[in-house]
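Working notes, structure below.
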Amino acid sequence: MSEIVNEAWRKYRIQLQSYPLRTKAITAGVLIGVSDAIAQKISGIKKLQLRRLFLMMLYGFAYTGPFGHFLHKLMDIIFKGKKDNKTVAKKVLLEQLTSSPWNNLFFMMYYGLVVEGRPWSLVKTKVRKDYPSVQLTAWKFWPIVGWVNYQYMPLQFRVLFHSFVGSCWAIFLNLKARSVVLKQA
């Protein structure tokens, strides 16, 4: 069994080196798909909603993977690849003040408008109501992830690590978004 895992990991690293953007996009899509399937199961959905699953995977593939790829490259350019504690703290702070609020807002809008197909007025109301608590929760959780990511992960694995942890975060966001829908239904 470990030979299979080692070989798969070796092939994944080759793809990551040869086709970094494509590999990160596919990885993010698959991981968010897994997290959505788990969120559906946890929230009590009996039959897997394939349309929702596909739209979540599309979000990971088209947005989170590429966004993470370019964000981490940009951070390395801005901070010249430094990994000392002061630089890592600056990276985490910059990420938390820019991409974190944007990504959570964008996810909530995408989920409401695209995944659920709700009208803008309902999505806007839901975002106004829930966004502050989602973002405050994010600021309690993601700085630690960011610190580990910038301090210990090589650049090529940052999106993978972020996407993996993001899968757990997406379960939280899915359940948060769903709970609002259930209350309105």
Walk me through whether Phe61 and Met56 qualify under side chain to side chain contact (heavy atoms under 4.5 Å, CB included). CA-CA 9 Å; Phe61 176 77; Met56 292 303 295; over 6 Å; no

Show the numbers, then the answer: is there a side chain to side chain donor-acceptor pair (under 3.5 Å) between Asn103 and Trp169? CA-CA 12 Å; Asn103 283 334; Trp169 180 248; over 6 Å; no

Worked verdict on Glu116 versus Val123 for side chain to side chain contact (heavy atoms under 4.5 Å, CB included): CA-CA 10 Å; Glu116 294 181 329; Val123 172; over 6 Å; no

Could you go through the side chain to side chain contact (heavy atoms under 4.5 Å, CB included) check for Val88 and Lys82 one step at a time? CA-CA 8 Å; Val88 170; Lys82 294 180 185 173; over 6 Å; no

For a side chain to side chain contact (heavy atoms under 4.5 Å, CB included) check, start with the C-alpha distance between Val145 and Phe161, then their side-chain angles and the critical distance, and finish with the verdict. CA-CA 9 Å; Val145 173; Phe161 176 74; 3.8 Å; yes

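The only option from Arg10, Lys24, Arg22 that meets the side chain to side chain donor-acceptor pair (under 3.5 Å) definition with Gln15 turns out to be Arg22.
Note that CD1 of Ile26 is 12.0 Å distant from CG of Leu31, once rounded to the nearest 0.5 Å. In this structure, the separation between OG1 on Thr64 and CG on Leu71 is 12.0 Å, given to the nearest 0.5 Å. Asp36 contributes atom CG, which lies 9.5 Å from atom CE of Met57 (distance to the nearest 0.5 angstrom). Leu74 CG to Glu95 CD: the interatomic distance, rounded to the nearest 0.5 Å, is 11.5 Å. The structure places OH of Tyr111 at 9.5 Å from CZ of Arg118, a figure rounded to the nearest 0.5 Å. Note that CG of Leu160 is 7.5 Å distant from CG of Leu16, once rounded to the nearest 0.5 Å.
By the neighbour-count criterion of 12 heavy atoms within 6.0 Å, atom OH of Tyr19 is sparsely surrounded, having that number or fewer from other residues, nucleotides or ligands. In the displayed structure, Ile144 atom CD1 is contacted under 6.0 Å by at most 12 heavy atoms of other residues, nucleotides or ligands. Enclosure of atom CD in Gln17 is not indicated, since only 12 or fewer non-hydrogen atoms of other residues, nucleotides or ligands lie within 6.0 angstrom. Within 6.0 Å of the NZ atom in Lys83, the count of heavy atoms belonging to other residues, nucleotides or ligands exceeds 12.
Judged by distance alone, the side chain of Asn6 and the main-chain N or O of Ser2 form a donor-acceptor pair under 3.5 Å. Judged by distance alone, with hydrogens and angles left aside, the side-chain atoms of Tyr131 form a donor-acceptor pair with the main-chain N or O of Pro101 at under 3.5 Å.
Residues Leu97 and Val92 fall into different hydrophobic clusters, defined by Ile, Leu, Val, Met, Phe, Trp and Tyr side chains chained together at heavy-atom separations under 4.5 Å. The cluster map of Ile, Leu, Val, Met, Phe, Trp and Tyr, joined by side-chain heavy atoms under 4.5 Å apart, puts Val159 and Leu58 in different clusters. Both Leu105 and Leu94 are assigned to one and the same hydrophobic cluster, defined by single-linkage of ILVMFWY side chains at heavy-atom distances under 4.5 Å. Note on Tyr110 and Val127: same hydrophobic cluster, where clusters join Ile, Leu, Val, Met, Phe, Trp and Tyr whose side-chain heavy atoms are under 4.5 Å apart, directly or indirectly. Phe141 and Trp139 fall into different hydrophobic clusters, where Ile, Leu, Val, Met, Phe, Trp and Tyr are joined by side-chain heavy atoms under 4.5 Å apart, directly or via other members.
Within the 6.0 Å centre-distance limit, the rings of Trp9 and Phe157 are counted as a close aromatic pair. Centroid-to-centroid, the aromatic rings of Phe67 and Tyr63 come within less than 6.0 Å. Under the 6.0 Å cut-off for aromatic ring centres, Trp142 and His162 qualify, their centroids lying closer than that.
Geometrically, Arg51 does not engage Phe54 in a cation-pi contact defined by less than 6.0 Å to the ring centre and at most 45° from the axis.
Taking 4.0 Å as the cut-off between side-chain N and carboxylate O, Lys91 and Asp76 count as a salt-bridged pair.
Listed here is the closest heavy atom pair of Ala28 and Ser163: CB-OG, 3.8 Å. When every heavy atom of Val114 is checked against every heavy atom of Leu55, the shortest pair comes out as O-CD1, 3.6 Å. Counting all heavy atoms, side chain and backbone alike, Asp130 lies closest to Ser133 at O-OG, 3.1 Å. Contact between Pro66 and Gly60 at its shortest, heavy atoms only, is CD-O, 4.1 Å. Residues Ala138 and Ser100 share a closest heavy-atom pair of CB-OG, 4.1 Å.
Judged by distance alone, the side chains of Tyr150 and Thr87 never bring a donor and an acceptor atom under 3.5 Å apart.
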